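All remarks here apply to the structure that follows.
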Amino acid sequence: MSISSQEELVKQWESEQASLRQQVVDEDTEDWQRSPEFPGLERVGGVDLSFIKGDDVNACAQLVVLSYPDLELLYEDSRMVTLTAPYIAGFLAFRETPCLLEALQHLEKTQPNLLPQVVLVDGNGLFHYREFGLACHLGVLSGLPCVGVAKNLLQVQGVTKSEEHQSQIASLQRGGDSFPLTAASGRVLGKALRSSDSSTKPVYVSVGHKISLDTALHLTHSCCRYRVPEPIRQADMRSREYLRVHFPTTAD
DNA sequence: GCGACAG
DNA sequence: ATCTTGTCGC
């Protein structure tokens with residue numbers, strides 16, 4: 001792809017993000033979100049993509065639905081997809097949303113009773129350059145509540161891996177502890193969460209759609225058996241397993 | 001030229 | 001995302 005055509009693509013994507021961003025709902029909209037016990041919440045989804053080494057076009061898109069609060073597998077869908085859009089930081093959604101949306105729509109059409117009530121997404125939501133990351137994108141297009149959970153800090157809007165940030169991480173004492181990720185504007189775009197007692201490195205939680213930040217944080221923590229919340233962890237493991245079985249590494 | 005760059 | 005097994009420690 002030529003430099004100029006990529007510049008044009010980015011311009012088009014920026015305008016699309018600005019437009020869709022207005023549809024994000026950063027508040028609780030569901031009945032189950034009203035109480036900290038999440039009464040009525042029975043199904044939590046997780047999505048992820050895995051790639052074959054050296055191939056950035058063919059990938060395995062994974063959707064899992066786990067029971068809540070037991071976090072047991074209710075449904076899983078692994079599908080090979082062909083990605084057309086390139087990966088450009090800040091525009092991950094244009095690469096991953098289409099196939100994830102298809103997986104959700106397929107489930108809604110075939111087994112609507114298993115459709116998740118909220119989806120945990122591997123990546124950011126409002127914690128994003130233009131406050132419209134993958135979790136917001138998938139949320140708006142699917143209409144489902146979504147939460148962004150990133151494993152690495154995106155340095156954006158003045159939030160950096162500074163010594164101050166490092167010391168805030170060090171101050172997280174136990175699972176559930178968190179601190180806000182505040183933009184230069186003063187707006188809180190997300191929170192760093194120590195997801196379990198036994199993990200030092202936090203995960204970065206932000207609103208995707210139809211959920212408040214505090215509810216997103218509490219839900220994420222409630223889904224953690226290990227550092228990465230179980231829905232995303234299961235999606236990740238199962239998509240890798242799918243590739244291992246169907247595209248075994250050629251032994252030399 | 002150097003650093004940053006969700007997945 | 002992926003390259004990569006064992007190993008040290010709680």
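Quick note on labels: first sequence line is chain A, next is B, and so on, each numbered from 1. Just so it is clear, the model here is predicted, and its values are computed rather than measured.
- Among the protein residues, A/Phe51 comes within range of the sugar-phosphate backbone only, with heavy atoms under 4.0 Å from sugar or phosphate atoms but none that close to a base.
- Across all strands shown, A/Gly54 has no heavy atoms under 4.0 Å from either base or sugar-phosphate atoms.
- Stacking between A/Tyr204 and B/dA6 is absent: the ring centroid is not both under 5.5 Å from the six-membered base ring centre and under 30° in plane angle.
- Atom CG of A/Asp48 and atom C1' of C/dT2 are 13 Å apart (whole Å).
- If you measure from atom CD of A/Gln62 to atom P of C/dA1, you get 15 Å, rounded to the nearest angstrom.
- The pair A/Lys210-A/Glu27 does not count as a salt bridge, with every side-chain nitrogen at least 4.0 angstrom from each carboxylate oxygen.
- The distance between atom CG of A/Leu153 and atom P of B/dA6, rounded to the nearest whole Å, is 10 Å.
- Note on A/Arg95: every side-chain N or O is 4.0 Å or more away from OP1 and OP2 of B/dA6.
- Rounded to whole Å, the distance from CZ on A/Arg130 to C1' on B/dC5 is 13 Å.
- When all heavy atoms of A/Val188 and A/Pro180 are compared, the closest pair comes out as CG1-CB, 3.9 Å.
- Salt-bridge check for A/Arg238 with A/Asp48: failed, with every basic side-chain N at 4.0 Å or more from each acidic carboxylate O.
- Across A/Gln33, A/Gln117, A/Glu30, a single residue satisfies side-chain contact (heavy atoms from CB on, under 4.5 Å) together with A/Leu41, and that is A/Gln117.
- Atom NZ of A/Lys191 is separated from atom C1' of B/dA6 by 21 Å (rounded to the nearest Å).
- One C1' atom belongs to B/dC5, the other to C/dT2, and the distance between them is 16 Å to the nearest Å.
- A/Lys161 has no side-chain polar atom (N or O) that falls below the 4.0 Å cut-off from OP1 or OP2 of B/dG3.
- C/dT2 atom C1' lies 11 Å from atom CD1 of A/Ile52, rounded to whole Å.
- Considering only side-chain N and O atoms, A/Tyr87 lies nowhere under 4.0 angstrom from the phosphate OP1 or OP2 of C/dA1.
- Counting non-hydrogen atoms under 4.0 angstrom, A/Asn152 reaches the backbone sugars and phosphates but no base.
- Nearest heavy atom pair, residue A/Val24 against residue A/Val140, reads CG2-CG2, 3.9 Å.
- At whole-Å resolution of the value, CG in A/Leu134 and P in C/dA1 are 13 Å apart.
- Taking the side chain as every heavy atom from C-beta outward, A/Tyr75 and A/Arg43 never approach each other to under 4.5 Å.
- Checked for salt-bridge contact, A/Asp197 and A/Arg227 miss the test: no charged N lies under 4.0 Å from a carboxylate O.
- Using a 4.0 Å heavy-atom distance criterion, A/Phe91 is classed as a base contact.
- A salt bridge links A/Glu241 with A/Arg244: the distance from a Lys NZ or Arg NE/NH1/NH2 to an Asp or Glu carboxylate oxygen falls below 4.0 Å.
- When the P atom of B/dA6 is taken as reference, atom NE2 of A/His128 falls 10 Å away, rounded to whole Å.
- For the strand DNA chain B, secondary-structure stems (runs of at least three Watson-Crick or G-U pairs, all distances below 3.5 Å) are absent.
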Next item on the list: Sugar-phosphate means primed atoms, P, OP1 and OP2; the rest is base. With that split, encode nucleotides 3-10 of chain C 5' to 3' as B, S or - using protein heavy atoms under 4.0 Å.
Entry: S-------

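- Here the side chain of A/Gln155 is nearest to one of B/dC5, B/dG7, C/dT2, namely B/dC5.
- A salt bridge links A/Asp77 with A/Arg79: at least one charged nitrogen is closer than 4.0 Å to a carboxylate oxygen.
- Within the 4.5 Å cutoff, side-chain heavy atoms of A/His165 are placed close to those of A/Leu153.
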